[in-house]
K.L.:
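Mind looking over this structure? Questions follow.
Both backbone and side-chain heavy atoms feed into the values below; hydrogens, waters and symmetry mates do not.
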Amino acid sequence: MTVNKIYLEGWRNFKSSEVQFAPGVNVIAGRNAQGKTNLLEAVYYLAVGKSFRSAYDKELIRLADDTAYVRAEIESQGRDQILEARLARSRRRELFANGVKLKKAAELTGRLSVVLFNPEDLDMIRSGAAARRRLLDHSLCQLRPRYAAALSEFNKLYAHKTRILRDYHKKPSLLDLLDDFNLRLAHEGAVMIYYRAAFIELLAKKAAVNHHEFSNTEEILEIQYKTVTGVNPYAEGQKSPQDLLPALLEHQQSHREAEIRSGQCLSGAHRDDFEIIINDLPARKFASQGQARTAAVSIKLAERDIHHEDSGEIPVLLLDDVLSELDAARQDFILNRIKQGQVLITSCNETDRVESGEVITVENGMVIT
């Protein structure tokens with residue numbers, strides 16, 4: 001899976017530019033605030049239908065323009081394809097695949113798969129559980145349609161249950177609905193926990209191998225899944241989501257009164273987490289900046305490996321501002337030792353150490369050839 005060429009018009013600070021990418025490593029070089037990340041953002045947008053930096057499409061349009069257009073020529077699923085996005089300040093955006101207008105962004109799924117690392121992914125190491133759950137949700141929604149459906153339904157049910165716990169004081173009859181919502185949440189949560197556990201087990205194995213090679217040391221990376229107390233998705237006999245349901249329901253029931261008193265949902269998959277451990281110490285508390293970045297990238301590489309095994313195609317790897325705070329050996333791994341698949345890396349000044357990759361220079365929203 002590769003992005004062969006991308007054309008941008010009115011996108012961020014790009015007036016009009018065309019960029020051709022090599023099938024292997026591409027280093028997008030330039031000083032700060034020249035548009036390097038904007039180029040990665042355009043690729044990501046055509047893959048998933050949204051930006052990883054902005055919530056609103058209008059922010060992606062060049063300040064001097066009223067519209068923006070992005071077009072990519074890609075190789076995917078064994079054939080050449082074309083993806084397009086048309087944005088405007090005065091109307092809804094339009095997405096196209098091979099000249100056919102798409103009804104929703106979800107129709108982009110699988111056409112261009114990407115795995116992104118950007119500095120905010122360090123939150124996965126340093127911050128709370130929400131950042132780590134986002135990684136699980138993003139990956140599994142691409143890999144498992146059943147998981148995506150369960151997550152969507154779970155989020156709707158969770159919102160309804162939250163309103164019940166918040167508003168029942170004004171309308172006590174709302175509590176009559178609580179048991180039904182708990183049962184439905186447990187069913188969807190069991191699906192989520194089942195897939196999350198399997199994904200984390202695979203992620204942990206692959207990330208440990210990547211981390212060992214990346215760090216070039218004896219550092220040992222471990223990942224441990226944490227879910228509802230009393231629910232063990234790795235126990236013998238837990239062969240389907242249905243097998244997890246009794247323990248989930250028992251946990252819910254034991255927290256029912258506490259939820260009513262506190263007005264909060266205290267039991268369920270929305271509290272899941274996974275712990276990242278380096279040399280037997282929690283990375284969240286003890287990892288250095290370089291160790292945290294190494295662990296995060298190792299996990300992203302493992303995510304890409306899983307997608308490759310599952311689909312037979314290697315997602316495009318997007319690495320934004322990944323080289324800072326890494327020593328020379330770890331920078332060399334990023335620039336020269338990731339051999340499989342296409343890689344797009346933004347960099348300020350490490351281009352002289354690129355052994356065989358393509359260097360693309362960006363200056364003030366223009367590609368300098």
K.L.:
To the nearest 0.5 Å, what is the distance between CD on Glu41 and CG on Asn118?
P.N.:
10.0 Å
K.L.:
The test is salt bridge (Lys or Arg N to Asp or Glu O under 4.0 Å); show your working for Asp57 and Lys50 and say whether it passes.
P.N.:
CA-CA 8 Å; Asp57 285 346; Lys50 64 180 180 179; over 6 Å; no
K.L.:
When hydrophobic residues are tied together by side-chain contacts of less than 4.5 Å, even through go-betweens, does Val297 share a cluster with Leu136?
P.N.:
no
K.L.:
Give a yes-or-no answer on whether the side chains of Ser16 and Tyr7 include a donor-acceptor pair shorter than 3.5 Å.
P.N.:
yes
K.L.:
Looking at every heavy atom in both Phe117 and Asp121, which two are closest together, and how far apart are they?
P.N.:
CA-OD2, 3.2 Å
K.L.:
Between Arg271 and Thr229, is any side-chain donor less than 3.5 angstrom from a side-chain acceptor?
P.N.:
no
K.L.:
Specify whether Trp11 and Tyr45 have parallel, tilted or perpendicular ring planes, treating 30° as the upper limit for parallel and 60° as the lower limit for perpendicular.
P.N.:
perpendicular
K.L.:
Might you confirm whether atom CZ of Arg31 has over 12 heavy atoms from other residues, nucleotides or ligands at distances under 6.0 Å?
P.N.:
no
K.L.:
For a quick check under 3.5 Å, do Glu75 and Gln81 share a side-chain donor-acceptor pair by atom type?
P.N.:
no
K.L.:
Give me the atom names and distance for the closest heavy-atom approach of Cys265 to His270.
P.N.:
O-NE2, 3.0 Å
K.L.:
Is there a path from Ile299 to Val316 through hydrophobic residues (I, L, V, M, F, W, Y) whose side chains come within less than 4.5 Å of each other?
P.N.:
no
K.L.:
Asp320 vs Thr346, test: side-chain hydrogen bond (donor to acceptor under 3.5 Å, both in side chains). Steps then yes/no.
P.N.:
CA-CA 5 Å; Asp320 184 33; Thr346 64; 2.9 Å; yes
K.L.:
Please say yes or no: joined through hydrophobic side-chain contacts below 4.5 Å, possibly via intermediate residues, are Leu140 and Ile223 part of one cluster?
P.N.:
yes
K.L.:
Please round to the nearest 0.5 Å and tell me the distance separating atom CE of Met192 and atom CG of Leu248.
P.N.:
10.5 Å
K.L.:
Can you tell me how far CG of Leu39 sits from CD1 of Ile28, rounded to the nearest 0.5 angstrom?
P.N.:
4.5 Å
K.L.:
Determine the minimum heavy-atom distance between Ala42 and Leu8, stating which atoms define it.
P.N.:
CB-CD2, 3.5 Å
K.L.:
Spell out, yes or no, whether Leu143 and Val48 are grouped together once hydrophobic residues are joined by side-chain heavy atoms under 4.5 Å, including indirect joins.
P.N.:
no
K.L.:
Have Ser139 and Glu303 got a donor and an acceptor in their side chains that come within less than 3.5 Å?
P.N.:
yes
K.L.:
Within 45 degrees of the axis of the six-membered ring of Tyr225 and under 6.0 Å from its centre: does Arg196 put its NZ or CZ there?
P.N.:
no
K.L.:
Given side chain to side chain contact (heavy atoms under 4.5 Å, CB included), test Ser54 with Arg12 step by step and report yes or no.
P.N.:
CA-CA 11 Å; Ser54 297; Arg12 290 289 193 181; 2.8 Å; yes
K.L.:
Please check if atom OH in Tyr234 has more than 12 non-hydrogen atoms from other residues, nucleotides or ligands closer than 6.0 Å.
P.N.:
yes
K.L.:
Please check if any side-chain donor atom of Asn38 sits under 3.5 Å from a side-chain acceptor atom of Asn13, or the reverse.
P.N.:
yes
K.L.:
Strictly by modelled atom types, are Thr227 and Asp272 linked by a side-chain donor-acceptor pair under 3.5 Å?
P.N.:
yes
K.L.:
List the atom of Ser17, the atom of Val367, and the distance in Å for their closest heavy-atom pair.
P.N.:
OG-N, 4.0 Å
K.L.:
Okay, side chain of Ser152, backbone of Ala149: is any donor-acceptor separation there less than 3.5 Å?
P.N.:
no
K.L.:
For Glu120, does the CD atom sit with more than 12 other heavy atoms under 6.0 Å from it, leaving out its own atoms?
P.N.:
no
K.L.:
Just by distance, do the side chain of Arg132 and the backbone of Phe274 share a donor-acceptor pair under 3.5 Å?
P.N.:
yes
K.L.:
Side chain of His138, backbone of Arg134: donor and acceptor closer than 3.5 Å?
P.N.:
no
K.L.:
Please state whether the rings of Phe181 and His160 are parallel, tilted or perpendicular, taking 30° and 60° as the class boundaries.
P.N.:
tilted
K.L.:
If you measure from the Lys or Arg side-chain nitrogens to the Asp or Glu carboxylate oxygens, is any gap between Glu94 and Arg92 under 4.0 Å?
P.N.:
no
K.L.:
Can you hop from Ile306 to Ile276 via hydrophobic side chains spaced under 4.5 Å?
P.N.:
yes
K.L.:
Does any N or O in the side chain of Arg93 come within less than 3.5 Å of the main-chain N or O of Gly49, such that one atom is a donor and the other an acceptor?
P.N.:
yes
K.L.:
Carefully, step by step, assess Phe52 and Tyr44 under the rule ring-ring contact (aromatic ring centres under 6.0 Å, His included).
P.N.:
CA-CA 8 Å; Phe52 60 83; Tyr44 185 89; 5.3 Å; yes
K.L.:
Any side-chain heavy atom of Arg293 within less than 4.5 Å of one from Leu122?
P.N.:
yes
K.L.:
Please check if atom CD in Glu250 has more than 12 non-hydrogen atoms from other residues, nucleotides or ligands closer than 6.0 Å.
P.N.:
no
K.L.:
Please report the shortest heavy-atom distance between Ser127 and Arg284, naming the atom on each side.
P.N.:
O-CD, 3.5 Å
K.L.:
Between Arg133 and Asp137, is there a salt bridge with N-O shorter than 4.0 Å?
P.N.:
no
K.L.:
Would you say Leu83 and Phe96 make side-chain contact, with heavy atoms under 4.5 Å?
P.N.:
no
K.L.:
Can you tell me how far apart CG (Leu40) and CG (Leu318) are? Round to the nearest 0.5 Å.
P.N.:
5.5 Å
K.L.:
Would you name the heavy atoms of Phe14 and Met366 that are closest together and state the gap between them?
P.N.:
CE2-N, 4.2 Å
K.L.:
Determine whether Arg53 and Glu59 satisfy the following criterion, salt bridge (Lys or Arg N to Asp or Glu O under 4.0 Å), listing intermediate values before the conclusion.
P.N.:
CA-CA 10 Å; Arg53 295 193 293 172; Glu59 296 174 1; over 6 Å; no
K.L.:
Checking Tyr195 side chain against Arg146 main chain: does a donor-acceptor pair fall under 3.5 Å?
P.N.:
no
K.L.:
Please report the C-alpha distance between Arg144 and Asp310 in whole Å, then the side-chain angles of each, then the deciding distance to 0.1 Å, and finally whether the salt bridge (Lys or Arg N to Asp or Glu O under 4.0 Å) criterion is met.
P.N.:
CA-CA 10 Å; Arg144 299 288 178 264; Asp310 196 78; 2.9 Å; yes
K.L.:
Any chance you could lay out the salt bridge (Lys or Arg N to Asp or Glu O under 4.0 Å) test for Asp305 and Lys206, step after step, and finish with the verdict?
P.N.:
CA-CA 8 Å; Asp305 292 340; Lys206 294 184 178 299; 5.5 Å; no
K.L.:
Do we see a donor-acceptor contact under 3.5 Å between the side chains of Thr2 and Gln342?
P.N.:
no
K.L.:
Evaluate side chain to side chain contact (heavy atoms under 4.5 Å, CB included) for Leu326 paired with Phe214, printing each intermediate quantity in order.
P.N.:
CA-CA 11 Å; Leu326 294 179; Phe214 188 2; 4.0 Å; yes
K.L.:
How about Arg330 and Thr294: does a side-chain donor come under 3.5 Å of a side-chain acceptor?
P.N.:
yes
K.L.:
Quick check: does any side chain N or O of Glu73 sit under 3.5 Å from a backbone N or O of Ile82, one acting as donor and the other as acceptor?
P.N.:
no
K.L.:
For a quick check under 3.5 Å, do His307 and Ser113 share a side-chain donor-acceptor pair by atom type?
P.N.:
no
K.L.:
If we ignore angles and hydrogens, is there a donor and acceptor under 3.5 Å between the side chains of Gln238 and Asp243?
P.N.:
no
K.L.:
Is there a donor in the side chain of Glu84 and an acceptor in the side chain of Tyr69, or the other way round, less than 3.5 Å apart?
P.N.:
yes
K.L.:
Please round to the nearest 0.5 Å and tell me the distance separating atom SG of Cys348 and atom NZ of Lys36.
P.N.:
4.0 Å
K.L.:
Checking the side chain of Asn26 only, and the main-chain atoms of Gly24 only, is there a donor and an acceptor separated by less than 3.5 Å?
P.N.:
yes
K.L.:
Could you tell me the separation between the CD atom of Glu201 and the CD atom of Gln224, rounded to the nearest 0.5 Å?
P.N.:
12.5 Å
K.L.:
Hey, does Ile338 have a side-chain heavy atom less than 4.5 Å from the side chain of Phe333?
P.N.:
yes
K.L.:
Can you tell me if CD on Gln340 sees more than 12 non-hydrogen neighbours from other groups inside 6.0 Å?
P.N.:
no
